[in-house]
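Worksheet: one structure, shown below.
Fair warning: this is a prediction, and the values are worked out from it, not measured in the lab. Here is how names work: the chains are called A, B, and so on, in the same order as the sequence lines, proteins then strands, and each is numbered from 1.
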2 protein chains.
Amino acid sequence: MKKTPATARTVRRGALTGQAEDYLKAIYEMEQGGEPAATNAVAALLGIAPASVSGMLQRLSRLGLVHVERYRGARLTHMGRRAALQLIRRHRIIESYLVTRLGFGWDEVDEEAERLEHGASTELVERMAAALGHPTEDPHGAPIPTSDGVVDERRLQSIADLAVGQTARVVRVSDRDSEFLRYLAAMGIRPNATVKVADRAPFDGPVTITVRGARHQLGVAAASRVYVEPVARTRRAAK
Amino acid sequence: MKKTPATARTVRRGALTGQAEDYLKAIYEMEQGGEPAATNAVAALLGIAPASVSGMLQRLSRLGLVHVERYRGARLTHMGRRAALQLIRRHRIIESYLVTRLGFGWDEVDEEAERLEHGASTELVERMAAALGHPTEDPHGAPIPTSDGVVDERRLQSIADLAVGQTARVVRVSDRDSEFLRYLAAMGIRPNATVKVADRAPFDGPVTITVRGARHQLGVAAASRVYVEPVARTRRAAK
DNA sequence: ATCGTATGTTAGTCCATACTAACTCTTAAG
DNA sequence: CTTAAGAGTTAGTATGGACTAACATACGAT
Ligand SMILES: [Mn+2]
Ligand SMILES: [Mn+2]
Ligand SMILES: [Mn+2]
Ligand SMILES: [Mn+2]
C-alpha cells in the first residue's frame with residue numbers, strides 16, 4: 001500500500017539559477033561532516049547574510065531539493081544531491097581542463113570554474129573530460145563525481161591529525177583561497193607529495209613538517225586544510 | 001572652457017549582468033544598418049516583450065551605455081560600444097575554440113557561447129585566443145574584434161544581392177539558427193566557398209546557385225543570410 | 001490636414017535574490 | 001532549572017528583470 005509519491009527524479013538542467021546551484025553545492029559540502037548544513041555556516045561560506053540563506057532554503061525546499069528542519073539546518077534530498085554532484089562534476093572537470101589545456105595555475109582556476117560551471121553544457125563538460133582522458137581528480141586532488149553521480153566520499157585526515165614521526169601522502173588540498181595554494185606550492189605541497197611530521201608544538205601549536213627534504217612550520221589553520229593518507233612505514237625495500 | 005564631464009571611459013568588467021550585456025550586443029548588431037536600434041527589433045531578437053526592452057533601455061541609459069531617443073530607438077555610447085565589442089570578442093573566440101579544440105560543430109557553438117561569454121574572464125579568453133594563434137574570424141566568418149575594440153565593420157553583400165552570372169566568395173554566414181547552418185553545410189556553403197549565381201526567379205523568387213559543381217535553389221530568406229564578396233571574373237589563367 | 005495602424009512607453013504585478021532590524025528558538029553555563 | 005548568548009527566522013525593503021494591459025506617439029495613406 002505504501003506508494004511512492006510521484007516525485008521527479010532529477011531537476012531539469014537549466015531549471016535552477018546559478019545562485020541556487022551554488023547553495024546546493026555549499027550544503028553538500030557542509031553536510032559531509034554528517035550534520036545538516038547550518039544556516040550561518042552556509043552564509044559564511046557563500047559570503048551572504050544568514051537571513052538570505054533562510055529565504056533560499058525555503059525556495060529550495062519548495063523545489064524538493066532540500067529538507068529543512070526549522071532552527072536545525074538543511075539536508076539535500078536525493079534530487080538535491082544529484083544536482084549538487086552534477087555541478088561539482090562540472091566544476092572539477094573545468095578546473096582540470098583549465099590547468100591541463102590552457103596553462104592556468106592551480107591557484108587561479110577555482111574562481112573561474114565557479115562562474116563557468118553554471119553556463120557550461122553537459123556536452124561541453126563531457127568533451128572536456130574526454131579530451132583529458134576522463135580524469136578522476138581535479139588539480140587540487142578532489143575526486144570528480146561520475147556523470148551518474150558516484151563519488152568517493154571517504155573522510156580524510158589532515159596534517160593536523162597526524163602524530164609526530166608519521167609520514168603521509170598528500171591526497172587533496174583546500175582550493176578556495178588562491179593565496180593559500182601559492183603558499184603550499186612554494187613548499188612543494190601538492191597531491192601525491194610526501195610529508196613527514198617532524199614536530200608538533202603543544203596546545204594546538206604549529207606543526208613542523210618535512211617536504212622534499214625541507215622543513216616548514218605550518219599553523220593549525222593551514223595544516224588542517226591539507227588532507228593526507230598516512231603511509232605505513234614499511235622497512236622492506238621497495239618491490 | 002568646455003570641460004569634458006568626468007565620465008567613466010569603460011564599464012568595470014563584471015559590473016554588468018549577463019542580460020544587460022546581451023542587450024548591448026543586440027543593439028550593436030541592429031545599429032549596424034545606420035539606424036538606431038528599434039525597440040521592437042531588439043525585443044524580437046532577444047525573444048522578450050517590447051515593454052521589457054523599454055525598461056532595460058532606461059537602465060542602460062542611466063548607466064551611460066546607450067543614448068535613448070524616446071519613440072525613436074537607442075544608440076550605444078562610446079562606453080556601450082566598448083562593452084559590446086568586448087562581449088562579441090569573447091563570444092567569437094569561444095566559438096572558435098569550441099570548434100577547433102573541442103570538436104564542436106559550427107551549428108552547435110552559438111548557443112554555448114551565448115552563455116559562456118558572460119562567465120569567461122578576459123584571462124581565459126585571451127588564453128583561448130593565444131592557443132588558436134589569435135584568430136581574426138570565428139567559425140561563421142564573423143570578424144573577431146581586437147582586445148582594444150577594433151573590428152572590421154564593412155558592410156557585406158549577400159547572395160540575394162548578386163546578379164545572374166556573378167561569382168562570389170562566401171565571407172560569412174548568419175549563425176543564429178543551427179538548422180540553417182546544417183542546411184548550408186550540406187550544400188558546401190561555408191566561409192571561403194565559391195558560389196555562382198546561375199539563375200534568379202523574378203519577383204524576389206528563389207536564386208539558383210552553383211557550389212562545388214552542384215546546383216541548388218535558395219529562397220530569399222536563406223540567400224540574404226549568406227554574405228559574400230563578388231569575385232572579379234578574370235580571364236587570365238591562375239598565376 | 002486627418003487619421004488609423006504600427007510602434008513604443010507607462011503602470012502595475014510578479015519572482016528571485018539580496019539586505020537590515022527585530023523577533024524567536026535552542027542550548028550550554030551556572 | 002533558569003537564562004542569556006548565539007543561531008535562526010520573519011518582516012519589510014530594494015533592485016534587476018520579466019510580463020500584460022492600457023495608453024501615447026509617429027507617420028504613411030488618404
Ligand atoms: Mn558557482
Ligand atoms: Mn578544485
Ligand atoms: Mn549571451
Ligand atoms: Mn559566430
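- Between Arg176(A) and Glu111(A), no side-chain nitrogen of the basic residue sits less than 4.0 Å from a carboxylate oxygen of the acidic one, so the salt-bridge criterion is not met.
- The aromatic rings of Tyr97(A) and Tyr97(B) sit perpendicular to each other, their planes meeting at more than 60°, with 30° as the lower class boundary.
- For the pair Glu137(B) and Arg92(B), the salt-bridge criterion is not met [side-chain N within less than 4.0 Å of a carboxylate O].
- By the 6.0 Å and 45° rule, Arg81(A) does not stack over the aromatic ring of Tyr28(A).
- For Asp22(B) and dG17(D), the CG to P distance is 11 Å, given to the nearest whole Å.
- Defined by atom type and a distance below 3.5 Å, a donor-acceptor pair is present between the side-chain atoms of Asp22(B) and His118(B).
- Salt bridge status for Arg90(A) with Glu126(A): absent, with no side-chain N to carboxylate O gap under 4.0 Å.
- A salt bridge links Arg127(A) to Glu123(A): at least one charged side-chain nitrogen sits closer than 4.0 Å to a carboxylate oxygen.
- For Leu65(A) and dA16(C), the CG to P distance is 13 Å, given to the nearest whole Å.
- Taking a pair as Watson-Crick or G-U wobble with both distances under 3.5 Å, the runs of three or more consecutive pairs in DNA chain D are C:1-30 with D:1-30.
- Side-chain atoms of Thr77(B) come within 3.5 Å of backbone N or O of Leu65(B) as a donor-acceptor pair.
- With salt bridges taken as basic N to acidic carboxylate O contacts below 4.0 Å, none links Glu35(B) and Arg75(B).
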Which pairs, protein N/O on one side and nucleotides 8-10 of chain C N/O on the other, fall under 3.5 Å?
unit_1	atom_1	unit_2	atom_2	d
dG8(C)	OP2	Asn40(B)	N	2.9
dG8(C)	OP2	Asn40(B)	OD1	3.2
dG8(C)	OP2	Asn40(B)	ND2	3.4
dT9(C)	OP1	Tyr71(B)	N	3.4
dT9(C)	OP2	Thr39(B)	OG1	3.0
dT9(C)	OP2	Ser54(B)	OG	2.7
dT10(C)	OP1	Arg70(B)	NE	3.1
dT10(C)	OP1	Arg70(B)	NH2	3.0
dT10(C)	OP2	Gln58(B)	NE2	2.7

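- Atom CD1 of Ile48(A) is separated from atom P of dA7(D) by 17 Å (rounded to the nearest Å).
- Formation of a donor-acceptor pair under 3.5 Å by the Trp106(B) side chain with backbone atoms of His140(B) is not found in this model.
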With the criterion being N/O to N/O and under 3.5 Å, what pairs connect the protein with nucleotides 14-16 of chain D, and how long is each?
none

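- Taking atom CD of residue Glu35(A) and atom C1' of nucleotide dT26(C), one finds them 15 Å apart after rounding to whole Å.
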